[in-house]
Amino acid sequence: QVNLVESGGGSVQAGGSLRLSCVASEDTHITSSTCMGWFRQVPGKEREGIASIYGDGEMTPWTANSVKGRFTVSLDNASKTVYLQMNSLKPEDTAMYYCASGGIVACIATAKAADFSNWGQGTQVTVSS
């Protein structure tokens with residue numbers, strides 16, 4: 001069981017930036033066979049994949065078109081922390097943001113929620129116009 005805890009959400013104005021963090025529990029092993037992903041969800045809609053990264057932090061195989069050029073995912077193995085740097089935020093980025101982990105298969109193609117087995121509790125991001 002992997003325990004993931006997100007933080008860093010908040011309220012910002014359009015054009016602003018936020019950096020989300022996702023810390024894995026001490027007994028968690030994040031390896032090159034682990035896929036870490038960021039998702040977001042608004043009420044009434046399906047959870048949307050944003051970006052994924054291999055557990056060794058060497059490659060980010062997928063980023064959603066809606067955030068390309070604005071959001072960047074990274075991973076610090078020493079602290080077992082996955083980051084989502086969000087720049088040029090828009091009101092449509094308002095959502096609950098979740099961190100997730102899965103096997104390497106989850107990183108092969110588009111980030112799909114069904115491929116990730118462990119989830120954090122989420123952190124709310126609100127962008128005002």
Side-chain angles (χ1 to χ4, degrees):
Q1 184 71 27
V2 176
N3 292 317
L4 303 170
V5 179
E6 303 97 331
S7 63
S11 298
V12 295
Q13 289 191 327
S17 298
L18 282 173
R19 188 193 197 197
L20 305 185
S21 299
C22 169
V23 181
S25 56
E26 286 189 5
D27 58 350
T28 299
H29 296 286
I30 298 178
T31 70
S32 57
S33 296
T34 305
C35 182
M36 303 298 295
W38 282 99
F39 292 77
R40 65 186 180 188
Q41 189 172 25
V42 297
K45 291 191 176 182
E46 291 187 359
R47 197 162 290 189
E48 174 193 12
I50 298 173
S52 59
I53 186 169
Y54 284 104
D56 59 6
E58 293 296 319
M59 187 182 297
T60 56
W62 185 82
T63 303
N65 289 332
S66 59
V67 304
K68 274 183 181 177
R70 300 189 298 124
F71 291 12
T72 303
V73 60
S74 60
L75 186 150
D76 177 37
N77 285 105
S79 62
K80 296 183 180 180
T81 303
V82 184
Y83 299 99
L84 184 67
Q85 178 66 44
M86 305 187 297
N87 299 326
S88 302
L89 282 161
K90 304 175 181 179
E92 51 264 42
D93 294 320
T94 295
M96 183 72 79
Y97 282 71
Y98 297 91
C99 169
S101 70
I104 194 170
V105 172
C107 265
I108 292 178
T110 304
K112 295 182 289 187
D115 291 335
F116 290 81
S117 54
N118 298 291
W119 294 84
Q121 83 289 350
T123 185
Q124 177 68 36
V125 172
T126 302
V127 184
S128 58
S129 58

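Index from 1, following the sequence. Atoms considered below: every heavy atom in the structure, side chains included; atoms not considered: hydrogens, waters and symmetry mates.
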(message) Main chain of S33, side chain of T31: is a donor-acceptor contact present, judged purely on distance under 3.5 Å?
(response) yes
(request) Answer yes or no: is there a donor N or O on one side and an acceptor on the other, between the side chain of T126 and the main chain of S11, under 3.5 Å? (result) no
Within a strict 4.5 Å, meaning less than it, do heavy atoms of the [X] and [Y] side chains meet?
X    : Y    : result
Q13  : S129 : no
L18  : L89  : yes
V42  : T94  : no
P61  : I108 : no
S101 : N118 : yes
V67  : R40  : yes

If I compare all heavy atoms of [X] with all of [Y], which pair ends up nearest, and what's the gap?
X    : Y    : result
G49  : F39  : CA-CD2, 3.3 Å
E6   : T123 : CB-CG2, 4.0 Å
V73  : S52  : CG1-O, 3.8 Å
Y54  : I104 : CE2-CG1, 3.7 Å
F116 : G102 : CD2-N, 3.8 Å
C35  : G103 : CB-O, 3.3 Å

(message) Between T81 and D76, do the side chains contain a donor N or O and an acceptor N or O under 3.5 Å apart?
(response) no
(message) For R70 and D93: C-alpha separation, side-chain torsions, deciding distance, then whether side-chain contact (heavy atoms from CB on, under 4.5 Å) applies.
(response) CA-CA 11 Å; R70 300 189 298 124; D93 294 320; 2.7 Å; yes
(request) Verify the cluster assignment for I30 and L84: are they in a single hydrophobic cluster under the rule of side-chain heavy atoms below 4.5 Å apart? (result) yes
(request) Tell me whether V12 is reachable from Y97 by hopping between hydrophobic residues (I, L, V, M, F, W, Y) whose side-chain heavy atoms are closer than 4.5 Å. (result) yes
(request) Determine, using ring centers only, whether W38 and F71 are less than 6.0 Å apart. (result) no
Interatomic spacing from [atom1] in [X] to [atom2] in [Y] - rounded to 0.5 Å:
X   : Y    : atom1 : atom2 : answer
L75 : D56  : CG    : CG    : 8.5 Å
I53 : C107 : CD1   : SG    : 8.0 Å
R19 : Q85  : CZ    : CD    : 6.5 Å
S66 : E92  : OG    : CD    : 9.0 Å

(message) Given the ring of Y98, does R47 sit roughly above its face, with NZ or CZ under 6.0 Å from the centre of the six-membered ring and within 45° of the axis?
(response) yes
(message) Apply side-chain contact (heavy atoms from CB on, under 4.5 Å) to residues C22 and L4 and explain how you reach the verdict.
(response) CA-CA 6 Å; C22 169; L4 303 170; 3.9 Å; yes
(request) Would you please test C99 and M36 for side-chain contact (heavy atoms from CB on, under 4.5 Å) and show each step? (result) CA-CA 7 Å; C99 169; M36 303 298 295; 4.0 Å; yes
(request) Any chance you could lay out the side-chain contact (heavy atoms from CB on, under 4.5 Å) test for M86 and L20, step after step, and finish with the verdict? (result) CA-CA 8 Å; M86 305 187 297; L20 305 185; 3.8 Å; yes
